[in-house]
Amino acid sequence: MNKQNIYDLLKAKNIKHEITEHCALFSMKDTADVVFPYPEAEAKNLFVRDDKKRNYYLITVRGDKRVDLKAFRKKFGLRALSFASPADLESKLQLIPGSVSPFGLLNDKSCSVIWYVDEEFTTVSHMIGIHPNNNTATVWLDPKDLMQIISSHGNTIEMINLNDCLIKEEI
């Protein structure tokens, strides 16, 4: 699904959302010059794979957090993790680096990518801001609505507490 397909889907499902159009953002550092309506709900998305290239995971955390992949894999009983290649990202989610988003899971035909979501989106901000499979906009919506969309597509969702899997330094 491309950006317009995402907008059409949200409208068709009557899901309350807001859109912030902006210049292309390739990392969280790029967001410093953009004024967002809900900065506490900005999401960072990490697309990772295990060391055998058998299992792929999307980890979504608040933008001000940094995930320790070694601690993450130990906590959830996974094999060693590393960032997936741009070719893997294209193959699995039909996305390019800088555009990684939970909406990309709608392009996962096999529904094999597992989505790990930081529970703070539902317990603190009650909102999440993610790209619509294109890094020139951010869609703000209720994370429960987003999880319903992804769940109905067929991907596994794990709502998690990441507090003991974080690197404790500023971005």
Side-chain angles (χ1 to χ4, degrees), residues 1-13 15 17-39 41-67 69 72-73 78 80-118 121 127-141 143 145-147 149-158 162 167 171:
M1 297 189 102
N2 64 28
K3 182 176 171 178
Q4 190 58 53
N5 296 142
I6 298 298
Y7 295 165
D8 293 345
L9 174 71
L10 294 171
K11 185 176 180 182
K13 292 189 172 287
I15 293 175
H17 66 284
E18 294 178 36
I19 299 168
T20 303
E21 298 283 341
H22 47 69
C23 62
L25 302 174
F26 294 95
S27 72
M28 291 310 294
K29 291 179 184 176
D30 295 341
T31 65
D33 297 330
V34 179
V35 177
F36 285 119
Y38 310 101
E42 286 179 63
K44 179 188 324 187
N45 297 285
L46 310 173
F47 187 56
V48 300
R49 63 164 177 80
D50 69 18
D51 60 345
K52 298 288 187 183
K53 294 186 180 183
R54 291 186 188 144
N55 299 297
Y56 290 81
Y57 310 95
L58 179 64
I59 305 169
T60 302
V61 299
R62 287 189 28 214
D64 60 349
K65 293 184 177 183
R66 292 186 61 205
V67 178
L69 291 181
F72 183 89
R73 83 160 182 90
L78 306 174
L81 298 174
S82 63
F83 288 97
S85 70
D88 288 338
L89 180 59
E90 170 64 32
S91 170
K92 293 284 185 183
L93 303 181
Q94 285 84 57
L95 297 175
I96 60 170
S99 296
V100 179
S101 168
F103 283 131
L105 295 168
L106 299 175
N107 296 329
D108 177 19
K109 291 181 174 77
S110 65
C111 298
S112 60
V113 177
I114 298 172
W115 183 31
Y116 286 92
V117 186
D118 185 346
F121 287 112
M127 176 147 328
I128 189 168
I130 58 172
H131 292 312
N133 291 344
N134 180 298
N135 64 355
T136 61
T138 299
V139 175
W140 308 93
L141 70 161
D145 289 335
L146 178 59
M147 288 185 281
I149 291 169
I150 302 305
S151 177
S152 65
H153 175 68
N155 290 81
T156 300
I157 302 171
E158 298 287 340
L162 284 173
I167 297 171
I171 292 179

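We number each residue from 1, following the sequence as shown.
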Are the side chain of His131 and the backbone of Val139 linked by a donor-acceptor contact shorter than 3.5 Å?
no
Is any side-chain heavy atom of [X] closer than 4.5 Å to a side-chain heavy atom of [Y]?
| X | Y | answer |
| --- | --- | --- |
| Tyr116 | Val48 | no |
| Pro143 | Val117 | no |
| Asn133 | Leu106 | no |
| Leu93 | Leu105 | yes |
| Tyr57 | Leu46 | no |
| Asn134 | Asn2 | no |
| Leu69 | Phe83 | yes |
| Asp145 | Leu10 | no |

Quick check: closest heavy atoms across [X] and [Y], and the distance to 0.1 Å?
| X | Y | result |
| --- | --- | --- |
| Arg54 | Asp50 | N-OD1, 3.0 Å |
| Gly154 | Cys111 | O-CB, 3.6 Å |
| Ala43 | Ile128 | CB-CG1, 3.9 Å |
| Gly129 | Trp140 | CA-CE3, 3.4 Å |
| Asn45 | Pro102 | OD1-CD, 3.3 Å |
| His22 | Asn135 | CE1-O, 3.3 Å |

Could you give the distance from [atom1] ([X]) to [atom2] ([Y]), rounded to the nearest 0.5 Å?
| X | Y | atom1 | atom2 | value |
| --- | --- | --- | --- | --- |
| Arg73 | Asp51 | CZ | CG | 8.0 Å |
| Glu42 | Arg62 | CD | CZ | 10.0 Å |
| Leu78 | Asn55 | CG | CG | 8.0 Å |
| Met147 | Phe121 | CE | CZ | 10.0 Å |
| Ile149 | Met1 | CD1 | CE | 9.0 Å |
| Asp118 | Lys65 | CG | NZ | 3.5 Å |

Listed once per pair and sorted, the side-chain hydrogen bond (donor to acceptor under 3.5 Å, both in side chains) pairs that draw on residues 83-104, sequence neighbours left out
Tyr56-Asp88, Ser85-Asp88
Given Leu95 and Phe47, is the side-chain contact (heavy atoms from CB on, under 4.5 Å) satisfied, shown in steps?
CA-CA 11 Å; Leu95 297 175; Phe47 187 56; over 6 Å; no
Check the pair Leu58 / Val100 against side-chain contact (heavy atoms from CB on, under 4.5 Å), numbers first and verdict last.
CA-CA 9 Å; Leu58 179 64; Val100 179; 3.5 Å; yes
Partners passing side-chain hydrogen bond (donor to acceptor under 3.5 Å, both in side chains) against Thr156 (at least two apart in sequence or in another chain)
none
